J.: 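Take this structure, written in structure tokens, and hold onto it; I'll ask about it next.
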Amino acid sequence: MKKEQHPESFSLYPKELVEKVFNSTTEGIMITDEHLKITLVNAAFQAVTGYSLEEVRDKTPSILKSGKQDKSFYESMWKKLDKKGTWQGEIWNKRKNSEVYPEHLKITRIQNELGETTHYFGVFSDISIKKSAEKEIKTLTSTDYLTGLPNRFSFNELFLQLIENSTPNSFSALLFIDLDRFKQVNASLGNEIGDRILVEFTKRVRHITPKDSILARYGGDEFLLALSHIKSHIDAGQIAIEIIKMLSKPFIIDDLEIYLTASIGISFFPQDGQEIDELIHKADKAMYFAKHNGRNQYAFYFEELKRDSKRLLLLEAELRKAIQANDFSVHYQPKVSLETKTIIGVEALVRWENDQVGTVSPAEFIPLAEETGLIIPLSELIIKKVCLDILEWRTLDISNISVSINIASIHFQQDNFIERINNLVMQYNCSPQQLELELTERTIMKDSNNIISKLIKLKSNGFKISIDDFGTGYSSLSYLNQFPINYLKIDRSFIQHITTLKDKQAIVESIILMSHRLNIKVVAEGVETKEQVEILREMNCDIIQGYYYSKPVPSKGLMDFLELWEIHKQEGKV
Ligand code: C2E
Ligand code: CA
Ligand code: CA
């Protein structure tokens, strides 16, 4: 701290002492005469600016000017100096080596008894280190450490700038990008691999998005992308499509091929809102809608989503209660062998009726259960119910029917999945030989090595394995031989058009041929008409499942169906 000093009092001290103090302070000192000609500088001045006294003597302080402050800055500085006799502030100056640096400067005017200015006295300290630390802190707090992208806080600032610069004719879009089931990637492959995927994902998105767009990491596996100067909604949709397409190429990490998908929600400035929070909120809603609609797609925000998201919240709450209360039932849909004309098995399909929300389709609540992790307790309830029904059928002398159970990806990926399902089945006195596990194509394509060994273990324990919804994922027929599977279920979307579309016909035919070569039996799902049955029979399809024979029915209804089937069979009607 420096005190205001009166020159007279210096006379009390020896000249050498004053000089020593003058030169040993770490702050630069510069004294000028009344015409601003430099008369004296100290050692710190030289250290900071690079100029010696000889070099600056009789020059004005403008020798240090960086050009960073404009005329008005100096005008207001002089105004203050004239009025108050002192000025202080931060200022950018230039060193002898041309480097520009910030300093904190205090200038004091010195006057004689007559009030005439005799000197100016400047004391300054170099604050470049402090400044760069501040900048570093700002970067640290505004940047995501993993991807180097702006984080959600600096995104807000950047987005504000972006919309300030937007012209009346153009508008901006906000994309909320969420990687589907990324938690499972982290859980099964570890955070380190998860992190590497996020970094790679960032690079890929950056590569395909416009230079003037802003990509930020919002948190975890959520990203925000702001697009400016959009001409139409289609532009934003197009970018979303490109991101989704870009993900169809696997991430190769070490020797693993990892497939990811993303769900993207889009809101628009100014149509959907003026405030950043509102726009993010709406893009998030739309993203959730896309996710709930089957993932791997994008959706624009629309007003009805407000109501929809309320329903989802209600559904989630009701779902939790229903699991507690064991409030589900299981229906069974028969599978008919075309060769023997017998019912060789049934598929267990969960049903939920709720006072608050009415009858909810599994197509609606299963994705929600998967998203929230509730699928695991729910699935265990279903397995128990199936085991109990099988025991009951035994008392009715029906013991040759196998039951297939749908297993969600996140459930299958649990480390203790095999142990848990073995225990459950044993606990209920059931045998794995009578159970079939349906795993979707996407589930088994996730991380093949780990999955193959799990499948082998399950098979050796007696369970049968089906690939569900075949044809909707990424797997190709050539991968099939790697998996120890018993059945392959061709997705309904192929069967639906099998009598009209030649390409669907060709696909189904080659799936059947290939499967048979690998000793895998083929189930056609969603068969609704006699024509479909006939064409599938010609193609040598093994098993038919669909409304044509029966809708999913409760256990009691299944018993009736089986009885009737036997009668019809004996009468030669099937
Ligand atoms: P999925 O595994 O592909 O099940 C077949 C779906 O197709 C069932 O719908 C079934 O009722 C329906 N279906 C069967 N035959 C026909 C037909 O001829 N025409 C038409 N249009 N549809 C037919 P559901 O019961 O609504 O189940 C939908 C999806 O929900 C299932 O698709 C499955 O992915 C999931 N799901 C159902 N129950 C469970 C369960 O217990 N656990 C798990 N993890 N998922 C389940
Ligand atoms: Ca199924
Ligand atoms: Ca299916």
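None of the values given here were measured: they were computed from a predicted structure. Whatever order the structure lists ligands and atoms in, that order sets their numbers, starting from 1.
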J.: For the Ca ion (ligand 2), which protein N/O/S atoms are closer than 3.0 Å?
T.: Glu347 OE2, Asn406 OD1, Glu438 OE1, Asp468 OD2

J.: Is the closest side-chain heavy-atom distance between Thr529 and Glu534 below 4.5 Å?
T.: no

J.: Is the Phe268-Phe300 ring centre distance short of 6.0 angstrom?
T.: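 Yes.
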
J.: Tell me if the centroids of the rings in Phe155 and Tyr218 come within less than 6.0 Å of each other.
T.: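 No, ring centres 6.0 Å or more apart.
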
J.: Any side-chain donor-acceptor pair under 3.5 Å between Thr261 and Asp180?
T.: yes

J.: Flag yes if more than 12 heavy atoms outside Asp503 fall under 6.0 Å of its CG atom; otherwise flag no.
T.: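 Yes - once you tally the heavy atoms of other residues, nucleotides and ligands closer than 6.0 Å, there are more than 12.
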
J.: Distance to the ring centre below 6.0 angstrom and angle to the axis at most 45 degrees; does that hold for Lys521 and Tyr487?
T.: no

J.: Identify, chain by chain and in numerical order, each protein residue with a heavy atom under 4.0 Å from an atom of ligand 1.
T.: Gln333, Glu347, Leu349, Val350, Arg351, Pro362, Ile366, Ile375, Ile382, Asn406, Ala408, Asp468, Asp469, Arg492, Glu525, Gly526, Val527, Glu528, Gly546, Tyr547, Pro552

J.: When the ring centroid of Tyr301 is compared with that of Phe289, is the distance short of 6.0 Å?
T.: no

J.: State, yes or no, whether a side-chain contact exists between Phe201 and Phe223 at a heavy-atom distance under 4.5 Å.
T.: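 The answer is yes; the side chains approach within 4.5 Å.
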
J.: With respect to Ser466, which candidate in Glu436, Glu347, Glu438 satisfies the side chain to side chain donor-acceptor pair (under 3.5 Å) definition?
T.: Glu436

